[in-house]
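Below is one structure, written out as structure tokens; comments come after it.
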Amino acid sequence: MAKKEFPKKPDFRELEKKWQKYWSDKKIYKFNSKSKKEIYSIDTPPVYASAAHLHVGHALHYTQFEFMARFWRMNGKEVYFPPCFDNNGLPTEKYVEEKYGISKGDMPRNKFRKLCREEAAKVEKDYANRAFKGLGHSHDWNLLYTTIEPNAQKISQLAFLKLVKQKDAYRAKEPVLWCPHHQTALAQAEVESKARNTTLNYLYFDLKGGGKIEIATTRPELLPACVGVFVHPKDKRYKKLVGKTAIVPLFNYEVPIMTDEKVDREFGSGIVMICTFGDTTDIEWWKKHKLPLKICITEDGKLNELAGKFKGLDFRTAKEAIKDELDGKGYLIRSEPLQQEVGMCWRCKTAVEYLVTDQWFIKTLKYKKQIISQSKKIKWNPYFYRKRLEDWTNNLGWDWCISRQRYFGVPIPVWYCKKCGKILLADEKDLPLDPLYKKPKKKCICGSTQFIPDEDVFDTWMTSSMTPQIASQQLKNPKLYKRIFPMSLRPQSHDIIRTWAFYTTLKSYLLYKSIPWKDVMIGTYVLDPKGKGMHKSAGNVIWLPDLLAKYPVDAVRYWAASAGVGEDLPFKEKELVRGVKLLTKLWNVCRFFDPYKKDIPGYKGGKIKLKIEDKWILSRLQQTKNTYKKYFESYKISRARKELEMFFLHELCDFYLEMIKYRIYGKDSADADSAIWTLYKCVFDSLVLWSPFIPHITEELYHLLFKEYHGKESIHLLNFDYYRYSIDKKSLELGKKACNIIAEIRKYKQDKNMSLGAELETYTLKKSKHDPKLDNLIKGAMRIKNLKIKN
RNA sequence: GGGCCUAUAGUCUAGUGGUUAUGACGUUUGCUUCACAGGCAAAAGGUCGCCGGUUCAAAUCCGGCUGGGCCCACCA
């Protein structure tokens, strides 16, 4: 075999391709279920397979916890790290609707779903290659799952049936949050409040029997749904109004005037009209005061027949038309601008409405305390994000509405008796099933065999909250599941604490009385270089493919490792440049070492005698390893990297390497041997420690330098503790002292405009800095003939 | 309105009570050095947001203020 020459520069593209293929072919990251090692399992966030592009935020987030997988793999644990895609739910559905210019109702449900599945699969393949594999992520692809696959549907439906049976899920006709655009019910978590400018309109209501009152409203279009007028019980101005009857303008019907403590006397005129429904206060008072129900809106956001001649108008048009009419008839007193917070559908930003419909719910309000106490059993990183879950839980006002009037999702496995309306649950052994295409095998208790299938699907979080079960194969491999659940780590971003983390904690408690995972790690949120959020609409998004075209994958990963867990990180291209420099440095150190590797005394069986600087750098190496591990164990990835980088660049390269050159180039072979041996340990361990961050180049260098001696087919299968060194305090002190002296002499030479390598006839050192044990080192490393000491 | 996080050289950043406050980028200067010019070495640059408290000792702990960020909230 011809001796392979050590290339002067690495070809990053080449070695990325080479090693990604190698890892995949050799199944380097395969999970071994027979291993006796403790399992470290990651509840990987399923990627939305509907996104057409990947931005740097995704890359960073997914790479961050990938570091953890690599760290533990090299630290004695059997790592269970499944890749996964979320192709279940609205994003996919909307993507397909937009791409084909169709609407969900244009074709039969199963045909539409097939289309969704196909589109999702295309995106998944792209993601798998470009994102996960392209970034060098160490998943075991045999463990791949998606959230729409039959197994996931089955887990989701089983959980639902169990909850219905234990009475934690129920069906009810209730006012629900409704998105007129998506035409579906929403959960509270899917609604976000946004500031909006609107007008506050002061109207006259006539009083029955003469007189009029002034009412302020932002929703005049809801006048046809007015069911009552309220004043504060202690409001002297309006005391005599209570018990009287007001007449709704334009629509001319009577509503009672009542009192409620929650009326704000300061706002508007101090008189409120209640409509069913304009906001949640309306719902509250409607329930509390047992008011009638008048719904004047349709599911797609228009006014219905209650609105008379305004029927069919969308809210916006209707509002203006009704205002005009009020104005024309003298009912509109004035309008003033008002800023208000409105709940909006988080996906389409349409203002949500409230409709009374039949929906499925899961009890959450009842379990607030339990959810919070469960959350305290989980280790949150950073710790303070747990508070966000607690606050959200405390502020919840609704049970979790889990049914959605959409097509692409997990069907709700129930039918309703046509005759008596009774609910018939699917049989567990028939799952997964779609009641639209399957008939129940049983009769209803009333004897009827005629059923209406539930046409709705589950909220996407109904399935996502079961990822620990899906990921760790609850149904396919119950033995393994038992070993894995609760999982070790849930990595996720902070914007879905109220959904993913919350629902998973809830479901895990309701179904198994368990926490879902031991640790939570909140990913870094990437901002643009100016520190603003990256949004397509703002045009400041940095796309991953653009970045990868410009920089090696390892440089991108190096950047990802600079992010503090749970913190925001403005994207700085400079960091990538730094990454490239680091890779080059690592390459060159190895290139320097390459000619000597055949002489490593350990390999050829010789004896070595360590000098002060050898003991110093090995002690520092061990200290670095210890700190690095400590940081990784507590998810302080960026600090681990920094610790390693400081050691590698500023101690090993800047000083140690320069300290030993004279020994290596010199004539004393024992002296050279111990230097080479020490260097070998440092280079080898540096590679190993760097490998979780920059897996491609370290793999290449491992194969170039060490594989023939170490045997393992990948550096990523090595253990960090392959070597251990003793920490020698005395040498640590002396080594530091030597560094200071060297820096001083470098400065001296520079001030004299000398080259650093130039020989010095004499150098005079202050006695306070001097140590005779360092004389040979200083003289050798700095090329000084005579070292003089003075007071 | 409630909650959480945050404030360190021109910019970013480390630092959870104890000698000259860390590193990077940028700036200035020196070095054609035999691993590395995407290089090496060195220098300059900080009232550690403001006010008060605890302490022998505070960038670090506590309180208040101010600024920035995030999350939540039914004022019609």
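Reminder, nothing fancy here: chain letters follow the sequence lines and each chain counts from 1. All values below come from the heavy atoms of this structure, side chains included, with hydrogens, waters and symmetry mates left out.
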C1' atom, B:G23 versus B:U55: distance in rounded Å?
31 Å
Which one, B:C75, B:A41, B:C36, comes nearest to the side chain of A:Lys585?
B:C36
Presence of A:Arg388 side-chain N/O under 4.0 Å of B:C70 phosphate oxygens OP1/OP2
no
Does A:Lys661 make a side-chain N or O approach to OP1 or OP2 of B:A35 shorter than 4.0 Å?
yes
Side chain A:Lys387 and base B:C4 donor-acceptor under 3.5 Å:
no
Measuring from the side chain of A:Thr217 (C-beta onward, heavy atoms only), which nucleotide among B:A76, B:C72, B:A35 has the closest atom?
B:A76
Geometric cation-pi criterion A:Arg490 and A:Trp500, 6.0 Å radius, 45° cone:
yes
Measure from the side-chain heavy atoms of A:Ala743 and tell me the nearest of B:C40, B:A42, B:C72.
B:A42
Using both distances under 3.5 Å as the test, list the Watson-Crick or G-U wobble partner of B:U16, or none.
none
Of all the choices, B:A42, B:A76, B:A24, which nucleotide is nearest to the side chain of A:Val263 once you look at every atom?
B:A76
Answer yes if the ring centres of A:Trp285 and A:Phe230 are under 6.0 angstrom apart, and no otherwise.
yes
Between A:Arg578 and B:C25, does any side-chain N or O lie under 4.0 Å from OP1 or OP2?
no
Strictly below 4.0 Å: does A:Gln340 bring a side-chain N or O up to OP1 or OP2 of B:A76?
yes
If we take the C1' atom in both B:G3 and B:U13, what is their distance in whole Å?
27 Å
Please determine if a side-chain N or O atom of A:Arg639 lies less than 4.0 Å away from the OP1 or OP2 oxygen of B:G15.
yes
Is the charged tip of A:Arg746 near the ring of A:Phe655: under 6.0 Å from the six-membered ring centre and within 45° of its axis?
yes
Who pairs with B:C61 - Watson-Crick or G-U, where each distance is under 3.5 Å:
B:G53
Does the B:C74 base have a donor-acceptor partner in the side chain of A:Lys262 within less than 3.5 Å?
yes
A:Glu341 side-chain proximity, nearest of B:A42, B:A73, B:A76:
B:A73
If you only use heavy atoms from C-beta on, which nucleotide in B:C4, B:C74, B:C31 is closest to the side chain of A:Asn753?
B:C31
side-chain hydrogen bond (donor to acceptor under 3.5 Å, both in side chains) partner of A:Ser335, the single match among A:Thr199, A:Asn201, A:Thr198:
A:Asn201
Quick one: which of B:A73, B:C34, B:A42 gets closest to the side chain of A:Tyr665?
B:C34
C1' gap between B:A35 and B:U19, integer Å:
38 Å
Starting from C1' on B:U11, measure out to NZ on A:Lys572 and report it in whole angstrom.
6 Å
P spacing across the pair B:G2 / B:G64, given as an integer number of angstrom:
13 Å
Identified pairing partner of B:G39, criterion: Watson-Crick or G-U wobble below 3.5 Å:
B:C31
Flag, side chain of A:Asp11 to backbone of A:Glu14, donor-acceptor distance under 3.5 Å:
yes
When the nearest nucleotide of RNA chain B is assigned to A:Tyr631 and to A:Ile742 on a heavy-atom basis, which residue is associated with the more 5' position?
A:Tyr631
Considering only B:C36, B:A35, B:C75, which nucleotide approaches the side chain of A:Lys8 most closely?
B:C36
Which residue lies more 5' along RNA chain B, comparing A:Tyr383 with A:Phe593 via nearest heavy atoms
A:Tyr383
So does A:Ser755 reach the base of B:C31 with its side chain, donor to acceptor, closer than 3.5 Å?
no
Taking A:Asp671's backbone N and O only, do any of them form a donor-acceptor pair with A:Arg663's side chain (distance below 3.5 Å, no angle check)?
yes
Picking from B:G30, B:C36, B:G3, the nucleotide nearest the side-chain atoms of A:Gln750 would be B:G30
Think A:His494 has a side-chain N or O under 4.0 angstrom from the OP1 or OP2 of B:C4?
no
Taking the six-membered ring of A:Tyr204 as reference, does the cationic atom of A:Lys212 (NZ for Lys, CZ for Arg) lie under 6.0 Å from its centre and within 45° of its axis?
yes
Checking N1-N3 plus N6-O4 or O6-N4 for Watson-Crick, or N1-O2 and O6-N3 for wobble, each under 3.5 Å, the partner of B:C48 is none
Please determine, for the side chain of A:Phe267, which listed nucleotide (B:A76, B:C72, B:U11) has the closest atom?
B:A76
